[in-house]
Amino acid sequence: MTEAAVCPVHHERDHPLLNGPTGFAEAVSDGPVKMVWPNGVEAWVVASYAGVRQVLSDPRFTTRKGGQPEMRTDDGEPVLDADQPGNINAIDGPEHMRLRRPLARGFMVKRMNQLRPRIQQIVDEHLDVMEAKGGPVDLVTSLCLPLPSLVIAELLGVPPEHQELFQATARDMFGKNGSKDEYIAHATKLSEVLAPIVAQKRVSGSTDDLIGLMANDTDFSMEELIFLCIGMLAAGHETTSNFLGLFTLHLFERPDQLEVLRRDPSRADVVVEELLRYTVGHLGGPGLTRRATEDVEVDGVLIKAGDWVSVSLLANLDEELCPRAGELDLEREAVSHLGFGFGPHQCLGANLARAELQIGLRTLFERFPNLRPAVPVTEMSYRTDMITYGAAEIPVVW
């Protein structure tokens, strides 16, 4: 390739659910290609299942930032300071594990199973309100947004009176078009609320929630701890809420697949894995970035030391992963998809997200077996101005 293509990062799509950024899949169909990001940085884009797993797990690729081709404002400013203490996504090796290992204890399967009755209670309460209103209602504001926000706030140990502020601030922080000053203002607002909560946990000595665990059972500095809390609040708010909405829309578009869930709701765990694989794959586009620290061959291409690499979760639709990978098949057994990433930086909150999605999706269609969109899915509005793609609103009736 003699000239790098312009990277389609702005999510122009031919269909809101079934296609990634226009032209992206075709551009990467023959293996890694170089693309130019809006800030002028060139990056190799890898989109095969094997290639993505290699890049995300090979220690010759670093997460260290600086000149990276993503997370920049429209003015070209980096959103995050590369050396921000507690930025767990920008460090590797022992330094990364020092922060990750204690946090992982808070998201273990056993802990998530203990949390399931509370998740069920939150879902039931919100669906009670939705039913009382009568249709049409917006599913995004009725369930998809409040569920993960309330759960992650409780898991962290954020008092209820602050949870609305965290929901609103986390939503604003994930916008793509804000300035760095606006991002800092949002982070400062959250820090001012979190600091006294951390201080109180330290006085009490409690380790019953994540903030207490970090405050009393780790060597994290206050700055690290506050930034980790902000990151978890923002991540817990955005990603799961968008997936719950997109999963529902995919099921509206495929009544035959919705019938699979209705016929056997006990398979919600397997159904969610397939929806994750399929939905993340069809979002496509370039995603997580790494930088080669030495020459490495990926998918037959030599990536030189210093080159940027961006992986695409279009890899979830690679036939190497499973037959008919481009199709949604809720009767398929779960496969090792890349919906939560791979390697040492695999999503810490995966077990929590799974519990929320399984309980939320199963209960929604059990409670409202005739749930359907109030307008065609293709005519709904979508959040193209956010880092995480999703539906802006989902009007439904039943």
Less than 4.5 Å apart, any side-chain heavy atom of [X] and any of [Y]?
| X | Y | result |
| --- | --- | --- |
| Leu352 | Leu115 | yes |
| Glu224 | Thr218 | no |
| Ile211 | Leu194 | yes |
| Phe61 | Leu56 | no |
| Leu249 | Tyr382 | yes |
| Leu251 | Leu361 | yes |
| Leu139 | Cys144 | yes |
| Ile230 | Ser191 | yes |

Backbone N/O of [Y] and side chain of [X]: donor-acceptor pair under 3.5 Å:
| X | Y | answer |
| --- | --- | --- |
| Glu319 | Arg324 | yes |
| Arg290 | Val309 | no |
| Ser204 | Lys201 | yes |
| His337 | Leu317 | no |
| Asp138 | Ile394 | yes |
| Arg118 | Val151 | no |
| Arg383 | Ala391 | no |
| Arg267 | Leu330 | yes |

Atom [atom1] of [X] and atom [atom2] of [Y]: how far apart are they, to the nearest 0.5 Å?
| X | Y | atom1 | atom2 | result |
| --- | --- | --- | --- | --- |
| Thr279 | Asn316 | OG1 | CG | 9.5 Å |
| Leu261 | Arg263 | CG | CZ | 10.0 Å |
| Phe368 | Glu366 | CZ | CD | 12.0 Å |
| Thr63 | Asp92 | OG1 | CG | 3.5 Å |
| Leu155 | Arg111 | CG | CZ | 5.5 Å |
| Glu356 | Gln120 | CD | CD | 12.5 Å |

Does a salt bridge link [X] with [Y], judged by any charged N lying under 4.0 Å from a carboxylate O?
| X | Y | value |
| --- | --- | --- |
| Asp217 | Arg105 | yes |
| Arg254 | Asp329 | no |
| Glu273 | Arg354 | yes |
| Arg98 | Glu95 | no |

Return the minimal non-hydrogen interatomic distance between [X] and [Y], and the atom names on each side.
| X | Y | value |
| --- | --- | --- |
| Pro16 | Val377 | CG-O, 4.3 Å |
| Asp209 | Leu156 | OD1-O, 3.2 Å |
| Pro85 | Phe227 | O-CB, 3.4 Å |
| Ser312 | Phe24 | OG-CE2, 3.3 Å |
| Ile152 | Met232 | CG1-O, 3.6 Å |
| Pro21 | Gly284 | CD-C, 4.1 Å |

Let me see the working for Phe342 and Val55 under side chain to side chain contact (heavy atoms under 4.5 Å, CB included), right down to the final yes or no. CA-CA 9 Å; Phe342 188 73; Val55 171; over 6 Å; no
Start with the C-alpha distance between Cys322 and Arg277, add both sets of side-chain angles, then the distance that settles side chain to side chain contact (heavy atoms under 4.5 Å, CB included), and finish with yes or no. CA-CA 11 Å; Cys322 59; Arg277 182 195 68 79; 4.0 Å; yes
Verify same cluster id: [X], [Y] (apolar side-chain graph, 4.5 Å):
| X | Y | result |
| --- | --- | --- |
| Val375 | Leu258 | yes |
| Phe252 | Val271 | yes |
| Leu348 | Met97 | no |
| Val270 | Leu244 | no |
| Val311 | Val335 | yes |

Step by step, work out the side chain to side chain contact (heavy atoms under 4.5 Å, CB included) result for Leu17 and His282. CA-CA 7 Å; Leu17 299 178; His282 278 283; over 6 Å; no
Within a 6.0 Å radius of atom CE on Met108, are there more than 12 heavy atoms belonging to other residues, nucleotides or ligands?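 Atom CE in Met108 is not crowded, with 12 or fewer foreign heavy atoms closer than 6.0 Å.
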I'd like to know whether Arg202 forms a side chain to side chain contact (heavy atoms under 4.5 Å, CB included) with Leu225, so could you lay out the CA-CA distance, the side-chain angles of the two residues, the decisive distance to 0.1 Å, and finally the verdict. CA-CA 12 Å; Arg202 281 186 166 157; Leu225 199 157; 4.2 Å; yes
Between [X] and [Y], a side-chain donor and acceptor under 3.5 Å:
| X | Y | result |
| --- | --- | --- |
| Gln54 | Arg60 | no |
| Ser48 | Asp318 | no |
| Thr207 | Asn216 | no |

Report yes or no: is the cationic atom of Arg262 (NZ for Lys, CZ for Arg) closer than 6.0 Å to the six-membered ring centre of Phe365, at no more than 45° off its axis?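 Relative to the ring axis of Phe365, which defines the angle, Arg262 lies outside at least one limit.
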Can you tell me how the ring of His250 sits relative to the ring of Tyr278, calling it parallel under 30°, perpendicular over 60° and tilted otherwise?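 His250 and Tyr278: perpendicular rings.
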